[in-house]
Amino acid sequence: MAGGKWMGWWGHLGAPKQRGIVTYVLSPYEQRAFAGALHQAVFNTFRRVTGQAFYISIPFGAAYGIYSWGKENHQWRLSKAGHAAHGDDH
C-alpha cells in the first residue's frame with residue numbers, strides 16, 4: 001500500500017500498459033554460447049598482452065636492474081674490499 005491505495009502486485013503497479021516495446025527471444029537450443037570462445041580467447045589474450053608488454057617490461061627491467069645493483073653492492077660492502085674502501089665510517 002502506498003498512501004492508503006492498493007497499487008497492485010510487484011510488476012503491475014497500476015501504470016498504463018506499455019506499448020511499442022518489441023522483444024526477441026532465441027531458443028537456447030538454437031544458440032551457441034561458446035562457439036569459437038577458446039580460439040578467440042587465445043588470440044585476444046595474445047593481442048592484449050603484446051599491447052601491454054611495453055608498459056610492463058620497462059618498469060620491470062628497471063626494477064630488476066636496481067635490485068641486481070643493490071644485491072651486488074651489498075655483497076661488495078660486506079667483503080674485505082668494501083670494508084677497506086670505506087674504512088670505519090659505518
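Along the sequence shown, the residues carry numbers beginning at 1.
The hydrophobic cluster containing Val42, built from Ile/Leu/Val/Met/Phe/Trp/Tyr side-chain heavy atoms closer than 4.5 Å, comprises no other residue. Connectivity analysis of hydrophobic side chains (ILVMFWY, heavy atoms under 4.5 Å, direct or indirect) links Val25 to nothing; its cluster partners are none. Here Tyr24 is tied into one hydrophobic group with Val22, each link being a pair of ILVMFWY side chains closer than 4.5 Å.
In this structure, the side chain to side chain contact (heavy atoms under 4.5 Å, CB included) partners of Ala81, at least two apart in sequence or on a different chain, are Trp76, Ser79. Applying the side chain to side chain contact (heavy atoms under 4.5 Å, CB included) test to Glu72 and every residue at least two apart in sequence or in another chain returns nothing.
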Donor-acceptor contacts, no H, no angles, side chain residues 50-71, under 3.5 Å, sequence neighbours left out:
unit_1, atom_1, unit_2, atom_2, d
Thr50, OG1, Phe46, O, 2.9
Thr50, OG1, Arg47, O, 3.0
Ser57, OG, Ala53, O, 2.8
Ser68, OG, Tyr64, O, 3.0

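One finds the NE2 atom of His39 at 11.5 Å from the CG atom of Asn44 (value rounded to the nearest 0.5 Å).
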